[in-house]
Amino acid sequence: MGISIKYNPRLIEKKIYDNWIKGHYFSSYPDKRVPYTIIMPPPNVTGILHIGHILNNTIQDVLIRYARMNGYNSCWIPGTDHASIATEAKVISLLKKKGLSKELLGREKFLSFILEWTKKHQDIIFYQLKRLGCSCDWSRTQFTMSEKLSKSVIKAFVNLYDKGYVYRGNHIVNWDPKAKTTLSNEEVIYKEQIGILYYIRYKIQNEENIYVTIATTRPETMFGDTAICIHPNDIRYFSLIGKYAQIPMTNRNIPIIQDSYVDMNFGTGCLKVTPAHDFNDKNIADKHRLNVINIFNDDATLNEKCPLSYQGMDRFNARKKIVEDLRKLGFIVNSEKLKQKIGFSERTSSIVEQKLSLQWFLKMKELSIPAIKSIKNEEIKFYPSKFKINYFQWMDHIKDWNISRQLWWGHRIPAYYYGNGDSDFVVAENMKTALIKAKVKTGNSHIKYIWQDKDVLDTWFSSWLLPVSIFDGICNPKNNEICYYYPTEDMVTGSDILFFWISRMIISGFFFKKNKPFKRVYFTGIVRDNKNNKISKSLNNSPNIIDLIEKYGADAIRMGIMLKTSAGKDFHFDDKMCLQGSNFSNKIWNAFRLIKSWNIEIENKNISESEKIAMLWIKNRFYFILDSFNNSFKEYKFDESLMILYKFIWYDFCSHFLEIIKPKNKNISKIVYSNTIFWLENILKLLHPYMPFISEEIWNIIRKRKKEEALIISSWPKRKIFDKNVLFCFENTTKVISKIRHIRNMRNIPYKESLSLYIMIKRHSKIYDPIILKLANLTKIVTVLKEPVNTSFIPFSIGKDKFFLSVNKNYILHDEIFHLEKKIKYFYNLLSMIRRNLSNDKYVKFVPHDILLKERKKESDTLEKIYHLNENLKSMKDKMK
RNA sequence: GGACAUUUAGCUCAGUUGGUUUAGAGCACUACUUUGACAGAGUAGAGGUCAUCGGUUCAAAUCCGAUAAUGUCCA
């Protein structure tokens, strides 16, 4: 026959993928069809893909293949992210091993090292995606540092600056004193630590022996204090309001102010305000117009604003010495241990300093208004919708976005300076324009030297533009592609970047395009291993993707993953789920082998009744399944839709349909065969989005296909009405079969031993009998009016129908009687529960009418069931005598 | 510290506005079945006081409150 007994994905997947590429099936160009666009969240070039990416990209591929087969012009755009700080850190540590540093190399050489690194990882990432079967349009591959995207970033920056949204200003930022750069919030990792809370007294000015005691974990910042703050309701300190307190070991006096931010129960209820080194203190300072004193150098040593004896000292050494000195002078009243959360730099592990710093910011409040609206009115839908809560929470308290980074790898800020003053700069797309602007701004036409800002932009400042910039919608707002492909359909991403990316993309979409960037956001859960640990590079607990694919096949991994994923839920990865996938592949493969092994009879001889029924049933069953599959799929319940398909293929198609039509002599009539192939082809279509390789492979072995007949671009089955009655009758038939198999199983009656069945049914249609005969291996089915005599049998009932399976007397067991009695008892219990309801006046009075009817029917059904079971029990007991 | 979420069979999860025969699925498990597509298989079975306690109701896995555990985000 030439088809291998085991399905071997390794031989097949590569060949199939190459054919898809050769057929250009992934490519998309604007045409008359409706577009369906997905932008792949670009993986960072810092590393290679892990299981989380596999989950994410499989979902996207499933969506895009489904759309493609449903007639849309599908366009899935792959890409990578330059990941400014993370990549720079990786390369720096690589260089360090070689004894090099970025300063030693200089900007240009350093960047060439990074480019080399980037190229290497891009290749690995794209190779991994291809092995997974991703049908992205590779001719549209993006990179966030490409020329096109960089241009858009710069243009967007200039545009936002010109409109007054981008500004340069002094704000508190997260500062990594080791790397000497600002950090985004996500690059700060909070860990709980035990610190010491010091109680320090500050003398009240112009008062003898009156002090106010504050509590702080950071005594070294006291030289930056500009106020002491108490809660407006705190009566303990009313006498101090309006007075000044003297910072110990200095001559400086600071005001005592009131603000409800202060927690009266924490420490003494008095807060020292250090606006240059704490977000909240800065807020208070802004409100009360306090001074701001920065006491740190860039490397977090104390600067000239501090007393001479501490200048130049590291912050931690300074703390020790200050505490020592304060103790000596009697300023420390108390100290106690305190659990606190400390922010560490993800990159250098140094403790992050909050620091007032001159940086570039984007005003967010106004920009966020349409973005909030779009989620409120469901113009953009979240799956699951619970993430709307988080979204609104963040959006409602949105802060200006610090977009500058003191790094080299990234988009250089297009600000050009002509002097050392804080506002001696212009913002322009290039140096030439900048020079002109500078001349205009200063009125000095002799300016010759201007220099560009050394810093780069936050990575997210490029990725937040992607849905627009990918189609060049920022530089060429009216071009064909942006008009055709925008807005995109789905965004599939982890919930952890809701704020950093999703929210900002929505903002940028409405700003630059006056329209949403995508219609739906599907949030994948966090991927964890079977010990509930987050899959991460640092734990090194992600399996190698290529190894997994080699072992199980891409289809098996896709299937295993999709069967377990559910929007927004954490995802526990286990090798076992791939095993289920590969078993399933093998099942399909062997079903196909079976069909292929049959000889088609040229002459059309009579088709048996059971074949007719099987064909009728599988047709109706298919359209029933198609509906439920589509419904689940449209709700983005991929696990559910796949499970529907899984069971349909395994149980309905293989266990029932194929078993019924399976010929003994391998000869099958042409009609039955072509019918079987027809349904198999339809099954392959439904399967294709999830398991593209095996489905395409079988599709092509069934018969030779032309290029335009590939499964990947075939059309999705159209829904049709189905006859519920056919499904119902068939289901009853399988119940009988199942019952007989159970009886065999209980008594170890070999399958080979043929049995006879007597049926006592009022209106029994015999058309299903051949199926029962075949699948339960019976010699005959006889319709009777009453219990058969002179033969030993096992009675059973399904609904109101009674059955008697004739067996050798030896097979009747006491066990069965015991089971029957147990069952009867169960129904008596049920009956008593039903009757408890029905005898309850309140129940009868309040319950809706239809429920009451149902309950009454339940009662009569149960009674009937008990009656039948008792009958069975009685006859069985008689037989035992 | 604050906000939110989760807790259902050994594991991973369904369970729509309280009412469909005292809770469902897949996997794993147990028993039996091996020349007839597939042992990567077949058939059947067993598994749950729905986290705990209290409340609302004729009726609670479902609604409300408290507690506990876990997780995420924010500070």
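Chain identifiers are assigned alphabetically (A, B, ...) following the order of the sequence lines, protein sequences preceding nucleic acid strands; residue numbering begins at 1 within each chain. Here the structure is a predicted model, which is why all the values come from computation and not from measurement.
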Could you check G47(B) for me: syn (within 90° of 0) or anti? syn
Under 4.0 Å, heavy atoms only, any strand: does S655(A) hit a base, just the sugar-phosphate, or nothing? sugar-phosphate
Could you check how far CD1 of I497(A) sits from P of U72(B), rounded to whole Å? 16 Å
With both distances under 3.5 Å as the test, what is the Watson-Crick or G-U wobble partner of C73(B)? G2(B)
Ignoring hydrogens and geometry beyond distance, is the side chain of K587(A) in donor-acceptor contact with the base of C38(B) at under 3.5 Å? yes
Using a heavy-atom cut-off of under 4.0 Å over every strand shown, decide if S495(A) touches base, sugar-phosphate, or nothing. nothing
By the Watson-Crick or G-U definition, both distances under 3.5 Å, C63(B) is matched with G55(B)
Y383(A)-Y522(A) aromatic ring centre distance below 6.0 Å: no
Please verify the inter-ring angle class for Y646(A) with W650(A); under 30° counts as parallel, over 60° as perpendicular, anything in between as tilted. tilted
With the side chain counted from C-beta on, respond yes when L775(A) and R741(A) share a heavy-atom pair under 4.5 Å apart, and no when they do not. yes
In this structure, how many angstroms lie between the C1' atom of C38(B) and the CG atom of N590(A), rounded? 4 Å
Less than 6.0 Å separating the ring centroids of F382(A) and F387(A)? no
What is the distance, to the nearest angstrom, from the CZ atom on F279(A) to the C1' atom on C74(B)? 12 Å
Separation of U35(B) atom C1' from K752(A) atom NZ, nearest Å, is 10 Å
Both distances under 3.5 Å, Watson-Crick or G-U wobble: report the partner of C13(B), or none. G24(B)
Base, sugar-phosphate, or nothing for Y646(A), non-hydrogen atoms under 4.0 angstrom? sugar-phosphate
Please report the distance, rounded to the nearest Å, between CG in L271(A) and P in A75(B). 17 Å
Strand contacts (RNA chain B) in residues 384-399 of chain A, 4.0 angstrom heavy-atom criterion: K386(A), Q393(A), K399(A)
Base, sugar-phosphate alone, or nothing: which one does K662(A) contact when heavy atoms must sit under 4.0 Å apart? base
Within the structure shown, what part of the strands sits under 4.0 Å from F571(A) by heavy-atom distance: base, sugar-phosphate, or nothing? nothing
What is the base-pairing partner of A68(B), counting Watson-Crick and G-U wobble geometry with both distances under 3.5 Å? U7(B)
Heavy atoms only, 4.0 Å cut-off, all strands: where does Y751(A) land among base, sugar-phosphate and nothing? nothing
Using a 4.0 Å heavy-atom cut-off across all strands, classify W598(A) as base, sugar-phosphate, or nothing. nothing
Gap between atoms NZ and P, on K576(A) and G10(B) respectively (whole Å): 14 Å
Min side-chain heavy-atom separation L271(A)-I284(A) under 4.5 Å: yes
Identify whether any heavy atom of E864(A) sits under 4.0 Å from a base atom; if not, whether one sits that close to sugar-phosphate; answer base, sugar-phosphate or nothing. nothing
In whole angstrom, give the distance that lies between atom CG of N586(A) and atom P of A41(B). 8 Å
Sugar-phosphate, base or nothing in reach of D861(A), heavy atoms under 4.0 Å: base
Across the strands shown, which category fits S566(A) at heavy-atom distances under 4.0 angstrom: base, sugar-phosphate, nothing? sugar-phosphate
Mind checking D841(A) for me? I need base, sugar-phosphate or nothing, with any heavy atom below 4.0 Å counting as a touch. nothing
Compare all side-chain heavy atoms of F657(A) with those of R621(A) and state whether any distance is below 4.5 angstrom. no
Just to be sure I understand the rule, does M833(A) reach a base, reach only the sugar-phosphate, or reach nothing, if contact means heavy atoms closer than 4.0 Å? base
Complement of G45(B), any strand, by Watson-Crick or G-U distances under 3.5 angstrom: C29(B)
In this structure, how many angstroms lie between the C1' atom of G45(B) and the CD1 atom of I743(A), rounded? 15 Å
At 4.0 Å (heavy atoms only), tell me whether K647(A) reaches a base, stays on the sugar-phosphate, or touches nothing. sugar-phosphate
